[in-house]
Every structure is written in structure tokens, then in C-alpha cells.
Protein chains: 2
Amino acid sequence: MMKHATLGNAAPKLPVLTEQNVESILVQHGYRLTRPRLAVISAALRHRHPFTAEQLVADLGTANGGAIGRATIYRTLEILAAVDVLTRLIQADGHPAYICDSPGHRHHIVCSGCGTAVAFTFCPIEELAPTLARDTAFEIHDHLLEVFGVCPSCQDSKRLPPQAHA
Amino acid sequence: MMKHATLGNAAPKLPVLTEQNVESILVQHGYRLTRPRLAVISAALRHRHPFTAEQLVADLGTANGGAIGRATIYRTLEILAAVDVLTRLIQADGHPAYICDSPGHRHHIVCSGCGTAVAFTFCPIEELAPTLARDTAFEIHDHLLEVFGVCPSCQDSKRLPPQAHA
DNA sequence: CACTTACTGATACCAGGTGTCAACAATCCG
DNA sequence: CGGATTGTTGACACCTGGTATCAGTAAGTG
Ligand SMILES: [Mn+2]
Ligand SMILES: [Mn+2]
Ligand SMILES: [Zn+2]
Ligand SMILES: [Zn+2]
């Protein structure tokens with residue numbers, strides 16, 4: 001108990017999930033491999049930072065060659081999250097976003113400057129839950145935890161003198 | 001360090017903020033005391049559980065005698081939260097709600113059955129933040145934490161044999 | 001009481017998201 | 001392989017929650 005001198009994996013060592021990986025995961029879960037889904041997958045994997053559903057819609061919408069339906073994009077993202085290829089997180093503005101990181105229970109610290117997110121596996125609620133359950137007599141089922149801040153490189157840029165309205 | 005054998009105030013001992021209290025708080029902050037605001041305040045204080053802006057709109061909308069404008073209700077809730085009369089929290093469905101409890105930094109455990117929320121003052125992020133900041137080099141500014149579960153009385157009702165579709 | 005200025009609320013608008021359902025296309029299977 | 005099955009698509013209409021506008025109203029002040 002109390003062993004979080006360091007966090008699970010604050011360092012960015014992504015296992016770099018490939019499209020093939022994701023495709024086989026979908027098949028394993030009984031989903032069909034369709035052209036629109038493949039498009040969503042590759043678009044999602046292309047993002048290094050959290051992205052919203054509407055961003056993907058922009059990526060794949062009628063604007064670009066794709067023309068994948070909005071509904072399909074939303075549906076596919078839901079599936080990818082259910083299959084743990086994507087994690088859904090809540091941005092500081094309260095809107096949901098998706099991020100592609102290694103599977104499992106995670107929380108994120110998200111930069112309000114550039115959107116960079118760093119995941120961590122240490123979950124403070126695990127530690128807190130028993131006490132909380134005892135004190136409140138609630139059955140604890142779930143939780144929501146996001147941390148917001150400014151990443152190192154955005155800290156640096158903020159130190160620069162303000163530009164002339166550029 | 002590490003003294004959360006018990007939580008701040010899991011027991012429901014509300015100081016029962018009165019309308020007069022709230023009114024004077026608003027005045028102290030330089031807000032005018034208008035008829036619509038008074039209506040919103042009393043409607044808000046009437047709720048013992050978290051409520052959404054749209055719920056208040058229903059309470060005070062053209063349906064009832066009130067007819068307070070939607071925009072006004074949203075604006076007033078924002079003010080009341082800014083003045084720390086209300087706390088804004090995120091429901092399990094991701095949507096924001098307001099709850100009236102004593103001021104200060106709080107988190108809530110919310111019952112997904114009946115909506116009952118119990119606040120607690122212990123914030124696990126405080127403990128976590130230094131480590132997290134060191135490991136990620138982020139500047140930590142804010143966080144979002146909600147716990148979801150089932151309250152004692154909803155646990156009981158779930159134990160009852162299922163009704164005949166009543 | 002009259003004046004200033006904060007506040008209101010109708011309206012129009014917006015973003016994000018969901019339900020429908022006929023057309024379509026992966027996959028299966030013979 | 002070609003056809004049947006059934007999951008999937010996407011246009012569309014629709015919805016909820018929330019915001020911008022701005023002429024009109026009414027708190028507060030002296
Ligand atoms: Mn957790
Ligand atoms: Mn906290
Ligand atoms: Zn950043
Ligand atoms: Zn309950």
C-alpha cells in the first residue's frame with residue numbers, strides 16, 4: 001500500500017498498435033471488416049493526440065475523398081472504445097475525445113495548450129474506494145478522473161514575449 | 001501524509017443554505033437581486049439532489065407560472081457556481097449538473113439509481129499531483145473527479161424480486 | 001423620482017449526437 | 001464461384017444542451 005513513488009507509465013513508450021492489430025481485434029470480437037471501418041481505424045491511428053469524433057468527421061467527411069457517414073464514424077469510435085483500442089476521455093471543456101493508447105484502466109493528464117495527453121496507470125480511486133464505500137455505504141461502480149495542465153513545451157512557449165498579434 | 005482513514009464529511013450534515021444567505025452572497029459580489037434570479041435560487045435550493053440546467057428550465061419555464069427565460073437560467077446557474085453556492089459536477093452520462101452543498105473543493109459520489117450525491121472533501125489528486133508533475137513535467141492546473149455507484153437504499157430496492165412490469 | 005446600467009428573454013442559431021430505414025456489401029456456405 | 005444472410009451503411013430528419021444578439025426592462029442609486 002502506498003507505492004506510487006513513481007507512476008505506472010508516464011513515459012511515452014507506445015506499443016504502436018498497427019492497423020492489422022486493430023483489424024484482427026475487431027474480427028475476434030465478431031465485427032465485420034468494412035471499408036468505412038478501415039478508414040476510421042487508419043484515421044484514428046494517425047492521430048497522436050486526443051481527437052474528437054467531429055475531428056474525424058472532418059478528416060473523413062464529404063470534404064475529403066472518403067465521404068464516410070457521420071453516424072458510421074460515431075458508431076465505429078464507440079466500437080473501438082468498447083474493444084479497448086481507443087480510450088474515451090473527457091476534455092477540459094467537458095467534451096469527450098478519444099485517444100489511442102495501450103489497453104487497460106488509464107487516466108490522462110492533458111495539456112490545455114496543445115492537447116498532448118500522457119496516460120498514467122496509477123489510479124488513486126482504487127486506494128480511496130474502500131474507505132469511501134465504508135463511509136458512504138455506497139457500492140462503487142465507476143469513476144471519472146482527468147487531470148488538466150500544461151505540458152513542458154507549452155510552458156516554454158508561454159515564456160516567450162507575446163507576438164505582435166500574429 | 002496519508003491520513004484518509006476517514007473522509008472529510010461523508011455524513012450528510014448540510015448547513016442548509018437559505019435563500020437569504022444566497023441573496024446576500026450575490027449582493028456582496030455585486031450582482032443585482034432580480035425577480036428571475038430569486039426564482040432560480042429558490043428552485044435550486046428546493047432540489048436535494050443534483051439537477052441539470054434543463055431540469056430547472058422545466059421547473060421555471062413557460063409551463064409553470066414563472067416563465068423565466070432559458071438563457072437567464074443558464075446564466076444564473078453559472079453565477080451561482082462562480083460564487084460557490086452551487087457546485088457543478090459531471091454525471092455518469094457525461095452531462096453537467098449542479099448541486100447545492102457547502103462551499104470549497106469537493107468531489108461527489110453519485111448514485112446511478114436515484115441521483116443522490118454525497119460529497120467528500122478528501123481529494124486524492126492533491127496527494128498525487130507532485131509525483132505526477134515530476135514524472136510528466138506538466139504544470140498541473142485542474143482536475144475532474146467523480147465517483148459513480150449505488151446508494152444504500154437503491155441497493156436494497158434492487159434486492160427485491162422484480163415487479164410485474166409496474 | 002429619474003437615471004444609469006445591469007439584466008432579461010425572445011429569437012435565432014449552433015454543435016454534437018441519435019433514431020430510422022431502405023440500400024448495400026461482408027461473410028458464409030453449398 | 002454465386003447466391004443467401006445479416007451486419008453495416010449513410011442520408012436524413014430530428015433532438016438536446018447551450019450560446020450570441022439585442023431591443024426592451026427594471027434594479028439600484030442619489
Ligand atoms: Mn481510475
Ligand atoms: Mn480534487
Ligand atoms: Zn502542450
Ligand atoms: Zn440511489
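Quick caveat, the model's predicted, so the values are computed rather than measured. Just so it is clear: chains get the letters A, B, ... in the order the sequence lines come, proteins before strands, and each one is counted from 1.
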Side chain [X], main chain [Y], donor-acceptor under 3.5 Å:
X      : Y      : result
B/T136 : B/L132 : yes
A/H107 : A/L145 : yes
B/Q91  : B/F51  : no
A/S112 : A/G149 : yes
A/R37  : A/R32  : yes
B/D84  : B/G104 : yes
B/E146 : B/I90  : yes
A/E139 : B/C151 : no

Please give, in whole Å, the distance from [N] [atom2] to [X] [atom1]?
X     : N      : atom1 : atom2 : value
B/L38 : D/dA26 : CG    : P     : 14 Å
A/L56 : D/dG10 : CG    : P     : 14 Å
A/I68 : D/dT8  : CD1   : C1'   : 12 Å
B/I41 : C/dC7  : CD1   : C1'   : 14 Å
A/I73 : C/dT18 : CD1   : C1'   : 15 Å
B/R70 : C/dC7  : CZ    : C1'   : 18 Å

A/R70: partners by salt bridge (Lys or Arg N to Asp or Glu O under 4.0 Å), with sequence neighbours left out: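 Testing A/R70 for salt bridge (Lys or Arg N to Asp or Glu O under 4.0 Å), a comparison that skips the adjacent residues, returns A/E54.
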| said: Within residues 74-96 of chain B, which residues have any heavy atom lying less than 4.0 Å from an atom of DNA chain D? | reply: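 Those residues whose heavy atoms fall under 4.0 Å from DNA chain D, taken from residues 74-96 of chain B in numerical order, are B/Y74, B/H95, B/P96.
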Quick tally for nucleotides 22-30 of chain C: nucleotides whose base has a protein heavy atom under 4.0 Å get B, sugar-phosphate-only ones S, the rest -, giving ---BBS---
Using OP1 and OP2 only, check whether a side-chain N or O of A/R37 sits under 4.0 Å from D/dT8.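 For D/dT8, OP1 or OP2 has a side-chain N or O of A/R37 closer than 4.0 Å.
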From the list D/dT9, C/dG19, C/dT8, which nucleotide is the closest neighbour of the side chain of B/T72?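 Between D/dT9, C/dG19, C/dT8, the one nearest the side chain of B/T72 would be C/dT8.
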